[in-house]
Participant: 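Just passing along the structure, written as structure tokens.
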There are 2 protein chains.
Amino acid sequence: MTQFRSGCPIASALDIIGDKWSLVIIRSMVVGATSYSDLLSTPEKISTNILAERLRRLEDAGLIRQSQPRQGSIRGAYALTTKGAALIPVVQELARWGETQIPDRWTPPERFYAARPSDFAARDSYPAAD
Amino acid sequence: MTQFRSGCPIASALDIIGDKWSLVIIRSMVVGATSYSDLLSTPEKISTNILAERLRRLEDAGLIRQSQPRQGSIRGAYALTTKGAALIPVVQELARWGETQIPDRWTPPERFYAARPSDFAARDSYPAAD
DNA sequence: ATTTCTTACTTGCATTTTGCAAGTTAAAAA
DNA sequence: TTTTTAACTTGCAAAATGCAAGTAAGAAAT
């Protein structure tokens with residue numbers, strides 16, 4: 001259970017996702033990453049223990065869920081929840097800031113800026129059949 | 001000089017402001033805080049060494065500047081730069097997320113959501129006369 | 001049935017960051 | 001001259017981060 005520093009929505013949001021990796025994970029999921037190894041294979045080269053720890057925290061905070069558990073060598077899958085998908089406008093705005101204020105950043109794919117929270121239809125409380 | 005994990009604008013933005021305090025400081029400045037003691041007196045109770053370190057980093061990254069140095073017991077002042085003010089849509093979006101997704105968060109003052117980057121007119125390279 | 005491979009981690013440890021509490025500095029105010 | 005104020009710095013303990021190596025479970029291959 002997250003301890004909040006204050007009642008401020010910004011400070012509280014940062015108590016949940018205020019680190020260098022959480023929104024990077026959300027970004028990767030917006031553009032299609034689903035499995036642990038998908039998330040491991042991004043350009044930023046996250047460490048395995050950090051990825052595991054962040055996924056656990058994001059799940060505990062209700063932002064992602066395991067839509068399919070791993071079975072042996074059949075890969076598992078994570079999905080954004082409604083609450084997690086609601087962060088899409090935040091990461092899109094952060095992307096705009098980064099593109100305009102930091103030189104030589106690449107432009108995200110169109111599907112990133114086209115993504116909307118409703119694209120990630122909630123299946124928050126039962127596993128997917130696919 | 002910030003080391004970036006990748007060329008991604010989001011990851012790079014987080015390399016600069018991806019911690020629990022930086023955007024809280026930006027928020028406080030959007031709603032009027034200017035001095036070190038203003039920033040110290042927010043509900044979150046930041047530690048003095050962390051505040052000093054964050055202010056140094058934000059200044060090094062070009063997001064804030066010292067608009068007036070402290071003179072003895074005459075307080076100094078920090079101001080958002082153009083680059084820093086460009087983060088306003090990000091913190092506004094984060095506030096919306098926090099308000100809707102985290103129970104019992106207070107609503108920011110109207111002047112917070114009304115704020116626009118252009119309100120913080122750039123004086124990036126010369127000190128203010130006021 | 002056994003062995004190999006894949007996927008998702010866990011573990012140990014060194015380094016870095018965070019944060020508490022106390023202390024310092026410089027200049028204005030008394 | 002002394003006191004107060006504002007903005008820090010310092011020392012240290014605890015927590016977080018991240019590297020590299022290792023483990024577990026089940027599918028795939030033999």
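Reminder, nothing fancy here: chain letters follow the sequence lines and each chain counts from 1. The analysis underlying the following values was restricted to heavy atoms, covering all of them including side chains, and did not include hydrogens, waters or symmetry mates.
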Participant: What is the distance from CD of B:Gln68 to P of D:dA6, rounded to the nearest Å?
Facilitator: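 Rounded to the whole Å, the gap is 14 Å.
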Participant: Of A:Tyr78 and B:Ile50, whose closest DNA chain C nucleotide lies nearer the 5' terminus?
Facilitator: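 Comparing both residues, the 5'-ward one is A:Tyr78.
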Participant: Measure the distance from CD on B:Gln66 to P on D:dA7 and round it to the nearest whole Å.
Facilitator: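 Roughly 10 Å, once rounded to whole Å.
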Participant: Is A:Arg56 close enough to C:dC9 that one of its side-chain N or O atoms is under 4.0 Å from OP1 or OP2 there?
Facilitator: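 The answer is no; no side-chain N or O of A:Arg56 sits under 4.0 Å from OP1 or OP2.
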Participant: List the atom of B:Pro109, the atom of B:Val31, and the distance in Å for their closest heavy-atom pair.
Facilitator: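 Closest approach of B:Pro109 to B:Val31, heavy atoms only: CG-CG1, 4.0 Å.
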Participant: Taking C-beta and beyond as the side chain, do B:Leu51 and B:Trp21 meet within less than 4.5 Å on heavy atoms?
Facilitator: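 Of all side-chain heavy-atom pairs linking B:Trp21 with B:Leu51, none is under 4.5 Å.
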Participant: Take the protein atom CG of A:Leu51 and the nucleotide atom P of D:dG18, then report the distance between them rounded to whole Å.
Facilitator: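 These atoms are roughly 12 Å apart.
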Participant: Ignoring backbone atoms, establish whether B:Ser47 has a side-chain N or O less than 4.0 Å from OP1 or OP2 of C:dC20.
Facilitator: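 Yes.
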Participant: Indicate yes or no: at least one non-hydrogen side-chain atom of B:Val24 is less than 4.5 angstrom from one of B:Val91.
Facilitator: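 No, every pair of side-chain atoms sits at 4.5 Å or beyond.
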Participant: Please report the C-alpha distance between B:Glu44 and B:Arg27 in whole Å, then the side-chain angles of each, then the deciding distance to 0.1 Å, and finally whether the salt bridge (charged side-chain N to carboxylate O under 4.0 Å, His left out) criterion is met.
Facilitator: CA-CA 12 Å; B:Glu44 294 84 17; B:Arg27 172 215 66 189; 2.8 Å; yes
Participant: D:dT5, D:dA20, C:dA21: which one has an atom nearest the side-chain heavy atoms of B:Thr48?
Facilitator: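 So the side chain of B:Thr48 is nearest to C:dA21.
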Participant: Please give, in whole Å, the distance from C:dC5 C1' to A:Arg75 CZ?
Facilitator: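 It is 14 Å, rounded to the nearest whole Å.
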Participant: From NZ of B:Lys20 over to P of C:dG19, roughly how many Å is that when rounded to an integer?
Facilitator: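 Result: 8 Å.
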Participant: Closer than 4.0 Å, any side-chain N/O of B:Trp21 to the OP1 or OP2 of C:dT18?
Facilitator: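 No, because none of the side-chain N or O atoms of B:Trp21 sits under 4.0 Å from OP1 or OP2 of C:dT18.
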Participant: For A:Leu40 and C:dT10, what is the distance between atoms CG and C1' respectively, to the nearest whole Å?
Facilitator: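 In whole Å, C:dT10 C1' lies 14 Å from A:Leu40 CG.
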Participant: Regarding B:Arg57, tell me which of base, sugar-phosphate or nothing describes its non-hydrogen contacts under 4.0 Å with the strands shown.
Facilitator: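 Sugar-phosphate: the residue B:Arg57, judged by heavy atoms under 4.0 Å, touches backbone atoms but no base.
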Participant: Determine whether a donor-acceptor pair (one donor, one acceptor, N or O, separation below 3.5 Å) exists between the side chain of B:Arg70 and the base of C:dA26.
Facilitator: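 Yes, a donor-acceptor pair under 3.5 Å.
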Participant: By nearest atom, which of the nucleotides C:dA29, D:dT17, C:dT18 is closest to the B:Asp19 side chain?
Facilitator: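 When the side chain of B:Asp19 is considered, C:dT18 is the closest of C:dA29, D:dT17, C:dT18.
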Participant: Could you check A:Ile74 against B:Ile74 and say which one's nearest nucleotide on DNA chain D is further toward the 5' end?
Facilitator: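 Looking at the nearest nucleotide for each, B:Ile74 comes out on the 5' side.
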Participant: Which is it for A:Thr2 and A:Arg57 under the side chain to side chain contact (heavy atoms under 4.5 Å, CB included) test, yes or no, and what are the steps along the way?
Facilitator: CA-CA 10 Å; A:Thr2 311; A:Arg57 280 200 217 160; over 6 Å; no
Participant: Got a donor-acceptor pair under 3.5 Å from the side chain of A:Ser37 to the base of C:dT6?
Facilitator: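 No, the side chain and the base share no sub-3.5 Å donor-acceptor pair.
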Participant: Relative to the 5' end of DNA chain D, which residue comes earlier, B:Asn49 or A:Glu53, by the nucleotide with the nearest heavy atom?
Facilitator: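 Nearest nucleotide further toward 5': that of B:Asn49.
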Participant: In whole angstrom, give the distance that lies between atom CD of A:Gln3 and atom C1' of C:dG19.
Facilitator: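 Rounding to the nearest Å, CD of A:Gln3 and C1' of C:dG19 are 16 Å apart.
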Participant: Using whole Å, what does the distance between atom C1' of nucleotide C:dA8 and atom CD of A:Glu59 come to?
Facilitator: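 About 13 Å, once rounded to whole Å.
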